[in-house]
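Note sheet for the following structure.
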Amino acid sequence: MAVFDPWDAAFLADPYPAYAELRAKGRVHYFEATDQWLVPHHADVSALLRERRLGRTYLHRFGHEDFGRTAPPPEHEPFHTLNDHGMLDLEPPDHTRIRRLVSKAFTPRTVERLKPYVGALAGELVDRLVESGGGDLLTDVAEPLPVAVIAEMLGIPEADRAPLRPWSADICGMYELSPSEETARKAVQASVEFSDYLRELIAERRKEPGDDLISGLIAAHDEGDRLTEQEMISTAVLLLNAGHEATVNATVNGWYALFRNPAQLAALRADHSLVPTAVEELMRYDTPLQLFERWVLDDIEIDGTVIPRGAEIAMLFGSANHDPEVFEDPERLDLTRADNPHISFSAGIHYCIGAPLARIELAASMTALLEKAPTLSLAEEPRRKPNFVIRGLEGLDVVL
């Protein structure tokens, strides 16, 4: 029997059988190891993402003690200051105010204008991979593409971009279940360094505005849409982390899935018009964000189980995306799957603001690899990252 154990190597290699067990056993399960309620079914996850009795934070309504929770250790404060002022961890009205300002940079028209830039950059990265006869798809294509795109949007100069990915990786370590003290120490250090860098960049943009998102947030502030400096910093970090973390992992998870399903890869190589549905199916099939947490702000009932205020719910995106109630033959990779309501980009007020951009990036890199590297194959079996929440690979070595 497959068991839900987010620290077990066998589970991390393939969590989907354990999800099937959870779904078969019921709609909600208490998981003592993390003091969370696990929700594995698509219908429940989808409904709870829109449920206003749940929140990404509780601090807009309660203090730590009132809510029955312990305040984070003081030494973790730089991470929490950075994290807690980003719109992903805010609730209305602050969430609404910040999202309204940021959404102007992610309108369909704005994102559509980025298509040529994204396509050209993807082509250049794949050309280099081809010239080398192969390489690591993670570091050569999957990472540099979305990092460059979001850094360009934010207005981060090219010379300053090297630490962005390491900072992001260290900060995102805190989103895993029960992170270690070493993980917390790295996250705090990255939070301090990234915040200090952005504070300087914001000061420069105040003196010399550019055609970028940080300049736009400063201008919005000056015009009366108040955004504190901390909110600007937290928003920039969130956009960078969310703007590439999922795309990087979706790229390598997706290509690894294709290599393990050669008939589907052959069909895609024969018909590049499948790219849009392939992107959606690969996001569903091996979901880059496996779990999303919410606090219970008011008692809520799921299938006769009352989950009290102060509890934490863990919505299992990876399980929801393999729910046979919604997806026919969910364990089969089907790049032609038309009816595909996966929730890899979340839902409700916290639906991923960058989803249209992520889709363009994933399609651009996939198209460039199909066109320029039609004989691409796996050089060796990759190693999975020892993470559960953010699912990815240590690398993906390929040859031509």
Side-chain angles (χ1 to χ4, degrees), residues 1-6 10-31 34 36-54 56 177 246 249-250 253-254 257-258 260-261 263-264 274 276-294 296 299-307 311-352 355 358-359 388-391:
M1 184 180 73
V3 176
F4 181 86
D5 181 353
F11 171 84
L12 292 176
D14 183 10
Y16 299 102
Y19 291 154
E21 291 276 347
L22 283 177
R23 289 193 304 270
K25 286 180 179 172
R27 288 171 52 195
V28 64
H29 310 272
Y30 180 65
F31 187 54
T34 58
Q36 291 174 317
W37 293 87
L38 307 177
V39 178
H41 287 265
H42 188 284
D44 290 323
V45 170
S46 186
L48 291 173
L49 286 169
R50 298 167 170 86
E51 174 58 68
R52 300 311 302 138
R53 285 174 292 176
L54 304 183
R56 281 291 292 174
L177 299 177
N249 293 316
N253 289 348
L258 288 171
R260 285 178 293 136
N261 289 269
Q264 289 294 298
L274 290 176
T277 53
V279 164
E280 301 303 319
E281 174 67 348
L282 292 166
M283 288 282 292
R284 178 201 73 82
Y285 185 75
D286 204 8
T287 314
L289 181 67
Q290 290 280 312
L291 174 151
F292 197 60
E293 297 159 329
R294 290 281 175 90
V296 180
D299 293 4
I300 193 165
E301 185 180 321
I302 300 175
D303 197 28
T305 299
V306 175
I307 302 175
E312 191 174 31
I313 286 179
M315 291 170 275
L316 299 175
F317 282 13
S319 176
N321 282 343
H322 279 245
D323 189 340
E325 292 290 317
V326 177
F327 303 98
E328 187 181 342
D329 198 1
E331 304 310 317
R332 181 169 62 89
L333 182 68
D334 177 7
L335 301 186
T336 64
R337 194 182 295 273
D339 184 18
N340 194 348
H342 68 76
I343 48 173
S344 302
F345 289 120
S346 191
I349 67 166
H350 290 291
Y351 179 77
C352 177
R359 286 183 166 110
F388 165 56
V389 176
I390 299 174
R391 181 169 172 79

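In this chain, residues are counted from 1 in sequence order.
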Quiz item: Does the cation-pi check pass for R284 over F327, that is, NZ or CZ under 6.0 Å from the six-membered ring centre and within 45° of its axis?
Solution: yes
| said: Side chains of V296 and I313, heavy atoms from C-beta outward: is any pair under 4.5 Å? | reply: yes
_Side-chain heavy-atom pair T305, Y30 within 4.5 angstrom cut-off_ = no
Side chain to side chain contact (heavy atoms under 4.5 Å, CB included) with V28: of D44, I300, I307, only one passes, and it is I307
inquiry  = Does any part of the side chain of P6, heavy atoms only, come nearer than 4.5 Å to the side chain of F31, both counted from C-beta?
reply    = yes
Notebook entry, point to check: Do R56's NZ or CZ and the ring of F292 fall within the cation-pi criteria of under 6.0 Å and 45°?
Noted result: yes
Exercise for the section: Compare all side-chain heavy atoms of R359 with those of F345 and state whether any distance is below 4.5 angstrom. Expected result: yes
Between L258 and L335, is a side-chain contact (heavy atoms from CB on, under 4.5 Å) present by the stated rule, with each step listed?
-> CA-CA 10 Å; L258 288 171; L335 301 186; 3.8 Å; yes
Are the side chains of L177 and Q36 in touch, meaning some heavy atoms are under 4.5 Å apart? yes
Which is it for H350 and R294 under the side-chain contact (heavy atoms from CB on, under 4.5 Å) test, yes or no, and what are the steps along the way? CA-CA 11 Å; H350 290 291; R294 290 281 175 90; 3.4 Å; yes
>> Is it the case that the side chains of N340 and T277 hold a donor-acceptor pair, with the cut-off being a distance below 3.5 Å and no angle test?
In response: no
Would you mind reporting whether L48 and L54 have side-chain heavy atoms less than 4.5 Å apart?
-> yes
Side chain to side chain contact (heavy atoms under 4.5 Å, CB included) test vs K25 passes for just one of R23, H29, R27, namely H29
Side-chain contact test, heavy atoms from C-beta onward, threshold under 4.5 Å: evaluate it for T287 versus Y16 and give yes or no. yes
Steps toward ring-ring contact (aromatic ring centres under 6.0 Å, His included) verdict (Y19, H322): CA-CA 8 Å; Y19 291 154; H322 279 245; 7.7 Å; no
| query | Is any side-chain heavy atom of R391 closer than 4.5 Å to a side-chain heavy atom of N249? | reply | no
- prompt: Going through the distances and angles, do E280 and R337 end up as a side-chain contact (heavy atoms from CB on, under 4.5 Å)?
  reply: CA-CA 9 Å; E280 301 303 319; R337 194 182 295 273; over 6 Å; no
Requested in this report: Decide if atom CD of E325 counts as having more than 12 heavy atoms of other residues, nucleotides or ligands within a radius under 6.0 Å.
Outcome: no
